[in-house]
S.K.: 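After the structure tokens below, expect a handful of questions from me.
Lettering of chains follows the sequences in order, A, B, ..., and the numbering in each one begins at 1.
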2 protein chains.
Amino acid sequence: MSAHLTLHDLDQRLRGAGLRPTRQRRDLAGLLYGDGDRHVTAEVLHREAVEAGVKVSLATVYNTLHQFTEAGLLRQVVVDAQRSYFDTNTGHHHHFYNTADQELIDIPGDHVAVGSLPTPPDGMAIEQVDVVVRISPNDDR
Amino acid sequence: MSAHLTLHDLDQRLRGAGLRPTRQRRDLAGLLYGDGDRHVTAEVLHREAVEAGVKVSLATVYNTLHQFTEAGLLRQVVVDAQRSYFDTNTGHHHHFYNTADQELIDIPGDHVAVGSLPTPPDGMAIEQVDVVVRISPNDDR
DNA sequence: ATTTGTGCAAATCGTTTGCATCTGA
DNA sequence: TCAGATGCAAACGATTTGCACAAAT
């Protein structure tokens, strides 16, 4: 979709989400939204930032990921008990999770049909339905 | 279902799974399988054990939960990045997850229909499909 | 000027591990 | 007997937090 985002684009997106466009937020947003949909962990994003010459601490990466999530710019995906993934695709969709190499792959929302959900318990409302399809390399042959 | 399991029942179950029936495993199994399906975290099970006068360390609870899981007596459920849940119901089913109080509730397998899954990427096989319906108390009115 | 964000290091929390000691078959 | 289990405390890894300093409005 987006080939490259200008500095101005990023500022707009941050302001639109009610976040001050600081240098680190802009840089991180650039890494996150610069090239298609992504799934990152804090560690991975921090490493990328450092490798890209962006000066930012791991603590700030964590803070920023959570702020982005609250602001609706990211979505958190729970598939692994030890690690938090953040998805730049905030729309309706589900995931393949490759348990062998811990990689997440998007499944477009309309490629999974969840039918006949039971009524939630009394006084409860459905917030979100997550479908995780766990996959692994088949070692036939 | 099971009103109360005898010591012998527990031993049988453990042996059947290829595990030596030690005192702590028997005691923990008693807590887990004594009364219907349950969802526990290591912390919770350890606390219950201590309260029930069962002498067992937290480390052993962790070990035991994992051994039971490998032996097919339990199933691990990933719904919260910070905490691991173990489900005594190992059959095909899904979950409601109450995000307000971190409670898991079973949804019978045949109450959720997942249709038209996309084909997994090349060389990959589906291991399991997890559906988590996140719910929270609705604060209307 | 004031508010908000950042970096660092220390603290936290769930979970795992090393190792000496016990226990079940 | 003796392989396998357990307990304890220390180690761990991911994440959060406290606080002094820096940057944005």
Side-chain angles (χ1 to χ4, degrees), chain A residues 7-8 10-31 39-50 53-71 73-74 76-86 102 104, chain B residues 7-8 10-31 39-50 53-71 73-74 76-86 102 104:
Chain A
L7 221 143
H8 189 69
L10 294 173
D11 275 26
Q12 285 309 101
R13 191 185 293 229
L14 290 172
R15 280 188 212 286
L19 295 170
R20 271 195 199 171
T22 65
R23 182 182 57 72
Q24 329 10 24
R25 283 178 182 164
R26 215 158 19 217
D27 290 344
L28 292 176
L31 291 171
H39 303 99
V40 300
T41 62
E43 291 283 338
V44 166
L45 183 57
H46 182 245
R47 175 155 12 93
E48 278 187 21
V50 170
V54 172
K55 293 198 55 172
V56 65
S57 71
L58 181 56
T60 296
V61 171
Y62 273 104
N63 290 337
T64 303
L65 286 173
H66 287 137
Q67 289 156 355
F68 282 15
T69 299
E70 277 164 39
L73 299 177
L74 288 176
Q76 193 163 2
V77 183
V78 179
V79 284
D80 183 318
Q82 306 324 319
R83 193 179 329 274
S84 283
Y85 287 83
F86 294 86
Q102 282 111 260
L104 270 178
Chain B
L7 220 143
H8 188 70
L10 295 173
D11 274 25
Q12 285 309 101
R13 192 185 292 229
L14 290 172
R15 281 188 212 285
L19 296 170
R20 269 198 203 171
T22 65
R23 181 182 58 71
Q24 333 3 31
R25 283 178 182 162
R26 214 156 24 215
D27 290 345
L28 291 176
L31 291 170
H39 302 99
V40 300
T41 62
E43 291 283 337
V44 165
L45 183 57
H46 182 243
R47 175 154 13 93
E48 278 188 21
V50 170
V54 171
K55 293 198 54 173
V56 66
S57 70
L58 180 57
T60 296
V61 170
Y62 273 105
N63 290 337
T64 302
L65 287 172
H66 287 137
Q67 290 156 355
F68 282 16
T69 300
E70 277 164 38
L73 298 177
L74 288 176
Q76 192 163 3
V77 183
V78 179
V79 284
D80 182 318
Q82 306 324 319
R83 174 179 352 263
S84 282
Y85 287 83
F86 294 85
Q102 283 113 259
L104 269 179

S.K.: A side-chain contact here means heavy atoms from C-beta on lying under 4.5 Å apart; do Asp80(A) and Val78(B) qualify?
M.R.: no
S.K.: Can you list everything that forms a ring-ring contact (aromatic ring centres under 6.0 Å, His included) with Tyr62(B)? Sequence neighbours excluded, please.
M.R.: none
S.K.: Distance-only, no hydrogens or angles: does the Arg26(A) side chain make a donor-acceptor pair with backbone N or O of Leu10(A) under 3.5 Å?
M.R.: no
S.K.: Polar atoms only, N or O, under 3.5 Å: list the protein pairs with nucleotides 13-16 of chain D and their distances.
M.R.:
unit_1: dA14(D); atom_1: O3'; unit_2: Gln82(A); atom_2: O; d: 3.4
unit_1: dT15(D); atom_1: OP1; unit_2: Ser84(A); atom_2: N; d: 2.9
unit_1: dT15(D); atom_1: OP1; unit_2: Ser84(A); atom_2: OG; d: 3.3
unit_1: dT15(D); atom_1: OP2; unit_2: Tyr62(A); atom_2: OH; d: 2.5
unit_1: dT15(D); atom_1: O5'; unit_2: Tyr62(A); atom_2: OH; d: 3.2
unit_1: dT16(D); atom_1: OP2; unit_2: His66(A); atom_2: ND1; d: 3.4

S.K.: Please produce a list of atom pairs where a protein N or O lies less than 3.5 Å from an N or O of nucleotides 20-22 of chain C.
M.R.:
none

S.K.: Could you state the atom-to-atom distance from CG of Leu45(B) to P of dG14(C) in whole Å?
M.R.: 15 Å
S.K.: Quick one: pull up CD in Gln102(B) and CZ in Arg83(B) and give me the separation to the nearest 0.5 Å.
M.R.: 5.0 Å
S.K.: In whole angstrom, give the distance that lies between atom CG of Asp11(B) and atom C1' of dT23(C).
M.R.: 14 Å
S.K.: Atom CG of Leu65(A) and atom OG1 of Thr41(A): how far apart are they, to the nearest 0.5 Å?
M.R.: 8.5 Å
S.K.: Nearest 0.5 Å please: distance from the CG atom of Leu58(B) over to the CD atom of Glu43(B).
M.R.: 5.5 Å
S.K.: List the residues meeting ring-ring contact (aromatic ring centres under 6.0 Å, His included) with His46(A), not counting sequence neighbours, and say none if there are none.
M.R.: none
S.K.: How many angstroms lie between atom OG1 of Thr69(B) and atom CZ of Phe86(B), to the nearest 0.5 angstrom?
M.R.: 4.5 Å
S.K.: What is the distance, rounded to the nearest whole Å, between atom CZ of Arg15(A) and atom P of dA24(D)?
M.R.: 11 Å
S.K.: Who pairs with Arg23(A) by salt bridge (charged side-chain N to carboxylate O under 4.0 Å, His left out), at least two apart in sequence or on another chain?
M.R.: Asp27(A)
S.K.: When rounded to the nearest 0.5 angstrom, what distance separates CD in Gln24(B) from CG in Asn63(B)?
M.R.: 11.0 Å
S.K.: What does nucleotides 1-6 of chain D look like as a protein-contact string, B for base, S for sugar-phosphate only, - for none, at under 4.0 angstrom between heavy atoms?
M.R.: --BSSS
S.K.: Measure CG/Leu65(A) against P/dG5(C) and give the value in whole Å, please.
M.R.: 15 Å
S.K.: Could you give the distance from CZ (Arg15(A)) to NE2 (His8(A)), rounded to the nearest 0.5 Å?
M.R.: 8.5 Å
S.K.: Can you check the Arg26(A) CZ to dT6(C) P distance for me, whole Å?
M.R.: 11 Å
